[in-house]
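What's counted below: heavy atoms across the whole structure, side chains too, no hydrogens, waters or symmetry copies. Each chain gets a letter, A, B and so on, in the order its sequence line appears, and its residues count up from 1.
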There are 2 protein chains.
Amino acid sequence: MSAAATRHRHRGPRIEASEARQSGYFNIGDAAQATGVSAKMIRHYESIGLIQAADRTFANYRIYSENDLHTLRFVKRGRSLGFSIKQIEALLELWSKRGRSSAQVKKLALQHVDDLNARIAEMQAMRDTLQDLANRCHGDERPDCPILEDLACAKGHDQKHP
Amino acid sequence: MSAAATRHRHRGPRIEASEARQSGYFNIGDAAQATGVSAKMIRHYESIGLIQAADRTFANYRIYSENDLHTLRFVKRGRSLGFSIKQIEALLELWSKRGRSSAQVKKLALQHVDDLNARIAEMQAMRDTLQDLANRCHGDERPDCPILEDLACAKGHDQKHP
DNA sequence: ATCCGGCTTGCCATGGTGGGAAGGTCAAGC
DNA sequence: GCTTGACCTTCCCACCATGGCAAGCCGGAT
């Protein structure tokens with residue numbers, strides 16, 4: 001467990017904390033800081049199998065290599081583009097596969113674009129309806145209010161009023 | 001056992017099922033059908049105190065009056081406009097208050113419009129970035145892919161690039 | 001009397017994140 | 001040495017809104 005083991009420590013046996021530091025490994029807190037993924041979420045991603053289980057020190061601390069940070073940043077970027085965990089799982093898979101086709105990646109991305117567009121349209125419809133109602137609401141001390149009337153009315157406004 | 005339990009008193013004494021039918025009361029299933037709110041969610045809304053606890057028959061079946069259906073439709077409409085449960089709680093409160101000012105309602109609505117606009121903008125930014133990356137991805141059998149490169153790169157693409 | 005469909009409660013799951021408790025570890029200061 | 005404070009560990013709970021399933025009553029029609 002000395003030189004030979006140290007060499008193969010990638011996903012390998014536990015090492016000592018100080019040694020890990022010297023070898024350029026990071027605590028989970030440092031990894032969180034460096035990647036923008038909270039320590040909480042790093043553990044979570046590990047627990048659901050999105051990322052490989054981190055190596056540990058003898059004291060059971062997780063340690064992260066530069067490579068691990070790279071993966072975490074990938075995940076972070078994927079999340080900030082709105083991909084779900086499952087989609088990121090697929091993207092990580094493709095990322096690691098040399099035999100991937102860019103068509104596969106593009107398909108995933110465009111599916112997500114479609115999803116985003118659908119959600120955007122839905123929210124725009126809500127916003128437009130509400131903005132319209134708000135425009136017609138005088139917004140003073142009187143209780144009369146088109147907004148409440150719409151909510152209360154229940155007359156065929158489950159859909160757009162034709 | 002705080003708010004929900006406190007509100008767990010019914011509005012009237014229990015009556016018999018057939019009598020309830022005759023008096024124009026509805027089962028939860030009928031109420032669900034009539035309002036578009038699932039029976040599950042009606043019970044949930046009751047349990048969290050969003051709506052008053054329904055009256056019951058002797059056999060403990062919930063029964064709903066036309067008035068109750070009106071409230072349920074209000075909630076349904078609010079949800080379909082994207083209001084949160086808490087916001088709907090506030091709207092219901094205002095709806096029931098005669099002394100309300102339309103300004104209060106309008107304020108709530110416009111806050112929600114702002115919220116929607118923020119979320120829309122966020123999703124549009126995601127979509128635009130992704131669409132752009134997808135446009136630059138040839139989408140063929142080769143592994144080279146700007147999308148994966150973006151995700152993997154980690155060079156200052158955490159936010160919009162000004 | 002039996003059967004089916006509806007009702008009741010209660011628990012679990014989703015997705016992604018945060019909060020916190022209870023306990024172990026490390027490094028620095030005395 | 002020993003204390004202290006910052007870190008780490010696991011585990012559980014909460015959010016929001018909804019769906020699903022299961023075990024066990026009830027209603028009305030056959």
Side-chain angles (χ1 to χ4, degrees), chain A residues 14-22 25-33 35-51 53-64 72 75-76 78-89 112 115 119 122, chain B residues 1-5 8 10 14-22 25-51 53-64 72 75-76 78-89 112 115 119 122:
Chain A
R14 288 164 150 80
I15 63 175
E16 214 183 331
S18 54
E19 192 187 341
R21 284 287 171 93
Q22 285 181 323
Y25 281 91
F26 300 90
N27 274 346
I28 197 170
D30 303 329
Q33 193 96 27
T35 62
V37 184
S38 72
K40 201 90 189 190
M41 291 313 298
I42 296 178
R43 292 192 199 98
H44 178 60
Y45 292 154
E46 179 184 309
S47 81
I48 63 175
L50 179 65
I51 58 177
D55 284 348
R56 306 282 186 128
T57 66
F58 284 122
N60 210 28
Y61 280 28
R62 290 174 180 83
I63 48 178
Y64 296 89
L72 283 172
V75 173
K76 172 74 177 177
R79 287 294 301 137
S80 74
L81 285 177
F83 284 107
S84 71
I85 299 291
K86 290 213 166 174
Q87 288 172 318
I88 291 175
E89 205 160 11
H112 184 38
D115 189 53
R119 303 214 307 258
E122 200 179 346
Chain B
M1 48 187 63
S2 48
H8 215 280
H10 309 277
R14 288 165 149 78
I15 62 176
E16 215 182 329
S18 53
E19 192 187 341
R21 285 287 170 92
Q22 285 181 323
Y25 281 90
F26 300 91
N27 274 344
I28 196 170
D30 303 330
Q33 193 95 26
T35 62
V37 184
S38 73
K40 197 89 189 190
M41 291 314 297
I42 297 178
R43 292 191 200 100
H44 178 61
Y45 292 155
E46 179 183 311
S47 81
I48 63 175
L50 178 65
I51 58 177
D55 284 348
R56 305 281 186 130
T57 66
F58 283 121
N60 210 28
Y61 279 28
R62 290 174 179 83
I63 49 178
Y64 296 90
L72 284 171
V75 174
K76 172 73 178 177
R79 287 293 301 134
S80 74
L81 285 176
F83 284 106
S84 72
I85 300 290
K86 290 214 166 173
Q87 287 172 317
I88 292 175
E89 206 160 11
H112 185 38
D115 189 53
R119 303 215 305 258
E122 199 179 347

When the distance from [atom1] of [X] to [atom2] of [N] is rounded to whole Å, what number comes out?
{"X": "B/Ile63", "N": "D/dC26", "atom1": "CD1", "atom2": "C1'", "result": "15 Å"}
{"X": "A/Asp30", "N": "D/dA6", "atom1": "CG", "atom2": "C1'", "result": "12 Å"}
{"X": "B/Met41", "N": "D/dC16", "atom1": "CE", "atom2": "P", "result": "12 Å"}
{"X": "A/Ile88", "N": "C/dG16", "atom1": "CD1", "atom2": "P", "result": "8 Å"}
{"X": "B/Phe26", "N": "C/dC7", "atom1": "CZ", "atom2": "P", "result": "13 Å"}
{"X": "A/Asn60", "N": "C/dG23", "atom1": "CG", "atom2": "P", "result": "17 Å"}
{"X": "B/Glu46", "N": "C/dC7", "atom1": "CD", "atom2": "P", "result": "14 Å"}
{"X": "B/Ile42", "N": "D/dT18", "atom1": "CD1", "atom2": "P", "result": "12 Å"}

Looking only at side-chain N and O atoms, does [X] come under 4.0 Å of OP1 or OP2 in [N]?
{"X": "A/Arg62", "N": "D/dC8", "answer": "no"}
{"X": "B/Arg56", "N": "C/dT9", "answer": "yes"}
{"X": "B/Tyr45", "N": "D/dA17", "answer": "no"}
{"X": "B/Asn27", "N": "C/dC7", "answer": "yes"}

Query raised in the report: Between the axis at one end of the helix from C/dA1-D/dT30 to C/dC30-D/dG1 and the axis at the other (five pairs apiece), what's the angle to 10 degrees?
Result: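 End-to-end axis angle: 30°.
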Side chain of [X], backbone of [Y]: donor and acceptor closer than 3.5 Å?
{"X": "B/Arg79", "Y": "B/Phe83", "value": "yes"}
{"X": "A/His112", "Y": "A/Leu81", "value": "yes"}
{"X": "A/Lys76", "Y": "A/Gly36", "value": "yes"}

Query raised in the report: Checking all strands, does A/Arg79 fall into the base, sugar-phosphate, or nothing category for heavy-atom contacts under 4.0 angstrom?
Result: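 The residue A/Arg79 makes sugar-phosphate contact but no base contact.
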Query raised in the report: More 5' along DNA chain D: A/Gly29 or B/Ser84, using each one's nearest nucleotide?
Result: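 So the residue in question is A/Gly29.
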Query - Pairing of A/Glu46 and A/Lys40 as salt bridge, 4.0 angstrom limit - result: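 Looking at A/Lys40 together with A/Glu46, the answer is no, because their closest N to O distance does not fall below 4.0 Å.
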Query raised in the report: Any donor-acceptor pair under 3.5 Å between the side chain of B/Lys40 and the base of C/dG10?
Result: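 It does, because a donor-acceptor pair links the side chain of B/Lys40 to the base of C/dG10 below 3.5 Å.
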Query raised in the report: Looking at C/dG24, does its base get a donor-acceptor pair with the side chain of A/Tyr61 below 3.5 Å?
Result: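 Looking at the base of C/dG24, it does pair with a donor or acceptor on the side chain of A/Tyr61 (distance under 3.5 Å).
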Query raised in the report: Near DNA chain D, under 4.0 Å by heavy atom, which residues of residues 31-39 of chain B?
Result: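 The stretch gives B/Ser38 as the residues lying under 4.0 Å from the strand, ordered by number.
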Requested in this report: Please round to the nearest 0.5 Å and tell me the distance separating atom CG of A/Leu50 and atom CD1 of A/Ile85.
Outcome: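 Between atom CG of A/Leu50 and atom CD1 of A/Ile85 there are 5.5 Å.
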Query - Rounded distance (nearest 0.5 Å) linking atom CG of A/Asp30 with atom OH of A/Tyr64 - result: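 Here the interatomic distance stands at 11.0 Å.
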Please find the pair of heavy atoms, one from [X] and one from [Y], that lie closest to each other, and give the distance.
{"X": "B/Ser38", "Y": "B/Ala32", "answer": "C-CB, 4.0 Å"}
{"X": "B/Thr57", "Y": "B/Ile63", "answer": "CG2-CG2, 3.5 Å"}
{"X": "A/Arg56", "Y": "A/Asn60", "answer": "NH1-O, 3.0 Å"}
{"X": "B/Ile88", "Y": "B/Val75", "answer": "CD1-O, 3.7 Å"}

Query raised in the report: Nearest to the side chain of B/Lys86, which nucleotide is it out of C/dT9, C/dG16, D/dC16?
Result: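 For B/Lys86, the side-chain atoms sit closest to D/dC16.
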Query raised in the report: Which listed nucleotide (D/dT9, C/dG18, C/dC7) is nearest to the side chain of A/Arg43?
Result: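 Selected nucleotide: D/dT9.
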